[in-house]
Amino acid sequence: MKQDRRVTKTKKSIKDAFTSLMLETHSLQSISVTKLVEKADIGRGTFYLHYSDLDALQDEIEDDILMEFEESIKTDNLSSEYSFEIFIRDIISFVQSNREILKILIIQNKDNTFTFKLKNTAKRIIFSSSPKAQNRKSTNYTEYYYSFIFAGTVDLIIEWLQGMIDESAESLATIIERIIFEGIKMLEE
């Protein structure tokens, strides 16, 4: 069922105002419904007509970002010989394009739900799109391996977002690829 254009426009205005406040304040905790409705130029009742609270709004924004993330990954590349490298570069490119909002959602989100959802989305993309991943006999070790890889990749990206890793996006992608494919051997150089 298609959503009414006025509803779509109002929800977009609310989301844009919330995102703008996140970027201005660099904090989720400092955003109030009062500040939000003022920024969106709507009444409180209009906000509550669409969302039960700020957490529900944040959840919807996170879901939108995850959907955008999923759409930005070029899944047709996952069948090629260099699929995982392309996948990592697509992730880094997406993060770089959405750096400020992701920094807030990942770093400010105390319960790590967004990070967890991001890891699961990446894992789902690999398993559903890569013939190599689909054809592997699924064992606990396969699951452990991918969990380990995605946790490490996301943690490195978080450190990069926080400014703890002083590398370009391209360099970071190369580092992650080397860690994944060379593992401990890369430390022997």
Side-chain angles (χ1 to χ4, degrees), residues 1-74 87-126 147 150-173 176:
M1 187 166 139
K2 195 169 181 179
Q3 198 174 54
D4 182 301
R5 277 191 287 172
R6 290 172 297 174
V7 171
T8 303
K9 186 178 176 191
T10 301
K11 288 182 92 169
K12 181 181 179 339
S13 175
I14 293 169
K15 288 177 186 178
D16 289 348
F18 188 77
T19 303
S20 177
L21 286 169
M22 280 195 309
L23 295 174
E24 286 171 20
T25 63
H26 299 285
S27 170
L28 295 169
Q29 290 73 28
S30 65
I31 299 173
S32 66
V33 173
T34 302
K35 288 179 187 175
L36 178 67
V37 297
E38 185 178 297
K39 183 87 168 169
D41 195 25
I42 61 169
R44 272 182 99 76
T46 302
F47 171 79
Y48 286 112
L49 182 65
H50 299 286
Y51 300 99
S52 57
D53 56 24
L54 290 173
D55 288 337
L57 171 59
Q58 182 181 332
D59 286 344
E60 190 169 307
I61 288 172
E62 288 176 359
D63 290 344
D64 291 348
I65 289 171
L66 290 170
M67 190 167 31
E68 186 182 328
F69 169 67
E70 200 161 348
E71 290 168 0
S72 76
I73 302 298
K74 298 168 187 72
F87 179 69
I88 295 298
R89 292 181 187 281
D90 286 348
I91 289 173
I92 300 294
S93 175
F94 176 80
V95 169
Q96 188 165 26
S97 298
N98 297 280
R99 183 181 187 108
E100 293 306 313
I101 190 82
L102 288 173
K103 191 186 302 186
I104 295 164
L105 288 174
I106 291 171
I107 297 167
Q108 295 286 324
N109 204 340
K110 302 295 183 214
D111 63 3
N112 294 321
T113 54
F114 182 72
T115 304
F116 181 76
K117 288 192 256 184
L118 187 61
K119 286 176 189 177
N120 283 338
T121 300
K123 217 178 348 180
R124 190 179 70 253
I125 292 168
I126 280 289
S147 291
F150 288 119
T153 299
V154 170
D155 286 347
L156 281 176
I157 291 170
I158 289 169
E159 287 185 16
W160 182 64
L161 287 171
Q162 291 173 317
M164 296 166 64
I165 296 176
D166 187 25
E167 299 286 345
S168 68
E170 187 71 22
S171 242
L172 180 64
I176 291 169

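Just so it is clear, the values below take in all heavy atoms, side chains as well, and ignore hydrogens, waters and symmetry mates.
A heavy-atom distance below 4.5 Å is not found between the side chains of Asp64 and Glu68. Counting heavy atoms from C-beta outward, Leu118 and Ile106 have side chains that approach closer than 4.5 Å. Residues Glu170 and Arg89 meet the side-chain proximity criterion, which asks for heavy atoms closer than 4.5 Å. Within the 4.5 Å cutoff, no side-chain heavy atoms of Phe69 are placed close to those of Val95. With contacts defined as side-chain heavy-atom distances shorter than 4.5 Å, the pair His50/Leu57 does not qualify. Counting heavy atoms from C-beta on, the side chains of Phe18 and Lys39 never come closer than 4.5 Å. With contacts defined as side-chain heavy-atom distances shorter than 4.5 Å, the pair Ile91/Ile176 does not qualify.
The existence of a salt bridge linking Glu38 and Lys35 is excluded, since no basic side-chain nitrogen approaches an acidic carboxylate oxygen closer than 4.0 Å.
For Ser147, the side-chain hydrogen bond (donor to acceptor under 3.5 Å, both in side chains) partners at least two apart in sequence or on another chain are Lys123. For the side-chain hydrogen bond (donor to acceptor under 3.5 Å, both in side chains) test, no residue two or more places apart in sequence or in another chain qualifies with Asp155. Applying the side-chain hydrogen bond (donor to acceptor under 3.5 Å, both in side chains) rule to Lys12 yields the partners Asp16; only residues at least two apart in sequence or on another chain are considered.
Annotation: the span from Lys119 atom NZ to Phe150 atom CZ amounts to 11.0 Å, rounded to 0.5 Å. With values rounded to the nearest 0.5 angstrom, Ile92 atom CD1 is found 8.0 Å from Thr153 atom OG1. Atoms OG1 and OH, on Thr46 and Tyr51 in that order, are 12.5 Å from each other to the nearest 0.5 Å. The CD1 atom of Ile65 lies 11.5 Å from the CD atom of Glu60; values are rounded to the nearest 0.5 Å. Note that CE of Met22 is 2.5 Å distant from CD1 of Ile101, once rounded to the nearest 0.5 Å. Here the CD-CG distance, from Gln58 to Asp63, works out to 10.5 Å after rounding to the nearest 0.5 Å.
Scanning all heavy atoms of the two residues, the minimum distance from Thr121 to Glu70 falls at CG2-OE1, 3.8 Å. When all heavy atoms are compared, the tightest approach of Arg6 to Asp4 is N-OD1, 2.6 Å. Looking at every heavy atom in both residues, Leu54 comes nearest to Ile31 through CD1-O, 3.3 Å. Closest approach of Ala173 and Ile88 over heavy atoms only: O-CG2, 4.0 Å. Between Ile14 and Leu36, the shortest heavy-atom contact is O-CD1, 3.6 Å. Residues Phe94 and Ser72 share a closest heavy-atom pair of CD1-OG, 3.5 Å.
Within the 3.5 Å criterion, the main-chain N or O of Asp90 finds no donor-acceptor partner in the side chain of Ser93.
Within 6.0 Å of OH in Tyr48 there are more than 12 heavy atoms belonging to other residues, nucleotides or ligands.
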